[in-house]
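Counting convention: from 1, in listed order, for ligands and their atoms alike. Below, each value reflects all heavy atoms present in this structure, side chains not excepted, and no hydrogens, waters or symmetry copies. Everything quoted here is computed from the prediction, not taken from an experiment.
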Amino acid sequence: MANNSFVKALFAGSIEQDFIFPYPKMDKEEEENLKLILDTVRQFAKDNIDPEEIDRNEEIPKEVLRGLAEIGVFGMSIPEEYGGSGFSTTAYNRVFEEIGGIDGSLAVTLGGHQSIGLKALLLYGSEAQKKKYLPKLATGEWIAAFALTEPGAGSDAAGIQSLAVKDAQNGHYILNGNKIWITNGGIADFFTVFVKTPVGENGEKKISAMAVTRDMEGFSSGKEERKLGIHGSSTTELIFDNIKVPVENLIGPEGKGFKVAMEVLNSGRLGLAAACAGGIKTLIRMSVNHATNRKQFNTPIAEFEMIQGKISKMVVDVFVLESMVYLTTGLIDRGDIDYSIESSICKVYASEAVWNAVNEAMQIAGGIGYSKEYPYERALRDARINLIFEGTNEVLRAFIGLAGMQEHGEYLKKVGKALQNPLNEMGILTDYALHRIKKRVATERLTDVHEALKDEVGKFEEYAKELHRATEKVLSKYRKNIIHQEFILNRLADMTIDLYAMIAVISRVDSLLKEKGQKKAQKQLTICKTFCEEAWRRIRRNARQVDNNIDPWRKEISTDACEANGYQFDLIG
Ligand SMILES: Cc1cc2nc3c(=O)[nH]c(=O)nc-3n(C[C@H](O)[C@H](O)[C@H](O)COP(=O)(O)OP(=O)(O)OC[C@H]3O[C@@H](n4cnc5c(N)ncnc54)[C@H](O)[C@@H]3O)c2cc1C
């Protein structure tokens, strides 16, 4: 394989089908174990978790967290030698999906702990750090948090100001600064904190990651934020006042913290996507239940085509989402993979799919959907955050478009720095990408896919070429300025999301068709065809609009509104 990201290769005009086919399959033993754990989690939730109470009291009861810790949920991704269960990425995310289907606050709390809070230790921690912290984190004795965001640095995470200055003689850093919006801020004991540290002879300030614990002198957390939803999750400010952080608490190399943060977030985004899939499944259950029981005009509302449109979209969306998430986790479990774009795609798709699902579920419920007596409004409040955190969907779309344009392999070494931060360093990337992309022609075809998927495969191949062509065109036209062409980047990202979704669902259904035969896989085939039919039309529209669009008008209208300080066309002058 020339590239270790399917999507990056796709941008460069190459369909690396070895990544995608056959659809990853769990080994039997792990699958059996997973079923047992899922049953245990479901039973525990049924007996102990009341999402309405969590929302009302703005807290997850201690017993719930303790109970989940006892059944091993806090240490799923931690290797057995450090007291965890050593799950594969697929198994971890599948359990996480289940949690997302139970309660949003719980998913955010556990995600803050495991998908991002302790992940840097797993990826970059020294043996001593792992031995010191992971056993406590695996049992839930300690909860972890991930602290990147600051008042002046949200989407632009590279702009953080918290400063840790090394006092080499005394073997510690002196850390000052603050973080905001930190999930688990009020309940965690262990914090992966991203700071600036002066590095090298000229003392250039670079980002480093370090382990900070609540018991360190000078550490404090602020009051709980009052939020729209996920009320049971803790979100606070963190304040660092001359904290002495031992030098051995540095996680990964000094000055390489941005890479650490981005890799942790890649994993976090997949967990978030899996949790959204769980949420959509719960919403489908609620909607179907209501739609089949509620009669209007002497007819169950489930028989009205407009309601069927809503339910079918939720089902198709979650099937596609599962296909993408578990294709990606399967690739991660296989190893040696760059999944930064793929996980961003999953996050964007998942958060928008759950937001659509919650909106439609509320609509199907009618008046009761709007009532506090029913779970729809809580679900709506809880779901909204997914579009904002772990990289807003706007920033991730820009990332998908820009990172997709960079080639891997040799180029990775050559422009290592730029690759870390493609949003800021696009200039270095574009000249090379342009050169490379021009040399390649998208000639690869998918081979050996089941005959029943012939049309879908044809469309995928056709529109994969469109993405390649569009990339070439915009790089030639804008060169380094592409970074500022967000209307275009948005379209490239949407084309990419649809293409990855198409290939994931094609691969999954191809495996089902081959394994079970067409008769038994017919329903999944229909879902696949339904999605692909809509997806290629969207891709075609986006591709056409790369050249032919009304972007300048939109820009002008927005600029006018900003200059006029609001809307200026009121009917009554
Ligand atoms: C409940 C909650 C929990 C959180 N948990 C954590 C946590 O555990 N750890 C942590 O470190 N952080 C956490 N965050 C912070 C979260 O990740 C940030 O809020 C998020 O990254 C956005 O940053 P911001 O709020 O500063 O918004 P801004 O970056 O100011 O963005 C405002 C708007 O501008 C858009 N925008 C910004 N840049 C661009 C661009 N280049 N192109 C187009 N649009 C752009 C954004 O998409 C957004 O719509 C949490 C936030 C919340 C609300």
Residue portion contacting ligand 1 (non-hydrogen atoms closer than 4.0 Å) for Glu486: side chain
SB check Glu466 Arg540 (cutoff 4.0 Å): no
Distance-only polar pair, side chains of Ser126 and Glu248, donor-acceptor under 3.5 Å: no
4.5 Å side-chain heavy-atom contact, Glu53 and Pro61: yes
Sub-3.5 Å N/O-N/O distance, Gly391 and ligand 1: no
Arg541/Asp498 ion pair, N-O < 4.0 Å: no
Short side-chain donor-acceptor distance under 3.5 Å, Asn178 and Glu237: yes
Atoms of ligand 1, numbered as shown, that sit under 4.0 Å from any heavy atom of Lys227: 1 (C)
Cationic N near anionic O, under 4.0 Å, Lys119 to Glu390: no
Residue selection (non-hydrogen contact nearest atom 15 (C) of ligand 1) among Val395, Ile116, Thr149: Thr149
Sub-4.0 Å atoms of ligand 1 with respect to non-hydrogen atoms of Ile385: 1 (C), 2 (C), 52 (C), 53 (C)
Polar contact flag for Thr235 and ligand 1 (N/O pairs, less than 3.5 Å): no
Sub-4.0 Å atoms of ligand 1 with respect to non-hydrogen atoms of Glu394: 43 (C), 44 (N), 46 (C), 47 (O), 49 (O)
Nearest option to atom 37 (C) of ligand 1, as decided by whichever heavy atom of Ser155, Gly112, Pro151 sits closest: Ser155
Heavy-atom side-chain proximity of Asp551 to Lys555 below 4.5 angstrom: no
Within-cut-off N or O pair, Asp156 and ligand 1, under 3.5 Å: no
Ile388 neighbourhood, listing ligand 1 atoms whose heavy-atom distance to it stays under 4.0 Å: 20 (C)
